[in-house]
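Here is the structure we will look at, set down as structure tokens.
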Amino acid sequence: MLILTRKSGESIRIGNEIVVHILENSSNQMKIGISAPREVPVYRNEVYEKIQAENRAASTGASDNTIALEGLRKFSERHSSSGGKS
Amino acid sequence: MNQVAMRDNTAEPEGVTLKYGNIPLQGEKRLNLIHGLPGFEHLSAFVLAELEDYAPFCALVSEDEPEISMLIINLQFLSISNNVRVPGREWDAVVANNKDAREIWAILKTDHQSGEFLANVKAPLIVNTEQGIAKQIILDSEDLVVDYPLSEGLL
């Protein structure tokens with residue numbers, strides 16, 4: 001991990017197109033601005049890691065889960081009986 | 001212009017009968033997930049297909065690793081869809097200039113104890129159906145959660 005020390009008003013460049021700006025710095029938090037091309041996604045890391053975990057949970061075991069498959073059938077029947085769109 | 005790899009999403013996947021568990025899939029559409037899928041960043045080639053006899057549920061299946069598959073549902077079937085606002089820059093990322101070609105899907109997981117289906121409306125999948133380009137986005141709204149119960153909001 002590259003470790004740098006920056007002050008408010010200073011910035012860090014990553015590659016050719018990404019710049020991290022230190023906007024405000026207080027004792028327990030820092031305001032950061034990120035300049036990046038629109039196609040580069042930027043996330044709070046803890047949120048991204050949560051989504052990773054959710055996707056992994058969604059991809060495992062459900063296809064073998066008979067309770068889940070029975071639930072599928074019930075929802076599908078309810079959807080059909082209510083005249084739902086397909 | 002954002003250069004996004006275009007895949008031929010009209011051709012049927014060859015030589016593989018796709019299933020979700022024991023449920024056959026039909027109406028397969030190829031999708032290119034730009035940036036992969038969080039948790040599976042190495043996978044970008046997916047198929048979106050209907051579960052035979054289980055409308056409105058569909059499956060998202062990796063073409064390269066078919067064991068990676070998820071249940072998904074179009075947000076049009078959920079009442080919370082009114083609260084899901086996709087920023088324009090995200091539609092730009094999947095080159096979805098045509099509003100009629102925009103779809104929003106939620107990935108589902110199950111509570112294995114109760115069998116309850118939970119939809120991830122915090123991080124929906126946006127799809128450009130014309131070009132088969134998709135992306136999972138993460139929305140800022142605190143009203144949106146990763147475990148929205150289908151029992152509360154299925155239309």
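Side-chain atoms are counted along with the backbone in the values below, which use heavy atoms only and exclude waters and symmetry mates. Numbers restart at 1 for each chain; the letters A, B, ... are given by sequence-line order, proteins then strands.
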Inset, instruction - Supply the atom-to-atom distance A/S59 OG to B/L71 CG, rounded to the nearest 0.5 angstrom. - result: 11.0 Å

Legend entry - Within one Ile-Leu-Val-Met-Phe-Trp-Tyr cluster: B/L139 and B/V94, side-chain cutoff 4.5 Å: yes

Legend entry - Verify same cluster id: B/V84, A/V47 (apolar side-chain graph, 4.5 Å): no

Inset, instruction - Can you tell which part of B/D140 gets under 4.5 Å to a heavy atom of chain A, answering side chain, backbone, both or neither? - result: side chain

Inset, instruction - First locate atom CZ of B/F40, then atom CZ of A/R56, and finally report the distance between them rounded to the nearest 0.5 Å. - result: 6.5 Å

Inset, instruction - Check whether A/Y43 gets within reach of chain B through its side chain, its backbone, both or neither, counting any heavy atom under 4.5 Å. - result: side chain

Inset, instruction - Sort B/L118 into side chain, backbone, both or neither according to what part of it lies under 4.5 angstrom from a heavy atom of chain A. - result: neither

Inset, instruction - Looking only at non-hydrogen atoms, find the nearest pair between B/K109 and A/A58 and report the distance. - result: CB-CA, 4.0 Å

Legend entry - In one Ile/Leu/Val/Met/Phe/Trp/Tyr side-chain cluster, 4.5 Å: B/V86, A/I51: no

Legend entry - Hphob cluster co-occupancy, A/I14 + A/I34, side-chain heavy atoms under 4.5 angstrom: yes

Inset, instruction - Output the option from B/K122, B/E41, B/K135, B/E67 having the highest count of non-hydrogen pairs under 4.5 Å with chain A. - result: B/E41

Inset, instruction - Give a yes or no on whether B/L125 and A/Y48 share a hydrophobic cluster (residues Ile, Leu, Val, Met, Phe, Trp, Tyr; joining criterion: side-chain heavy atoms under 4.5 Å apart). - result: no

Inset, instruction - Please check if the side chain of A/N55 supplies one atom and the backbone of B/G39 the other of a donor-acceptor pair under 3.5 Å. - result: no

Legend entry - When B/I138, B/I68, B/I107 are compared by non-hydrogen pairs under 4.5 Å with chain A, the top option: B/I138

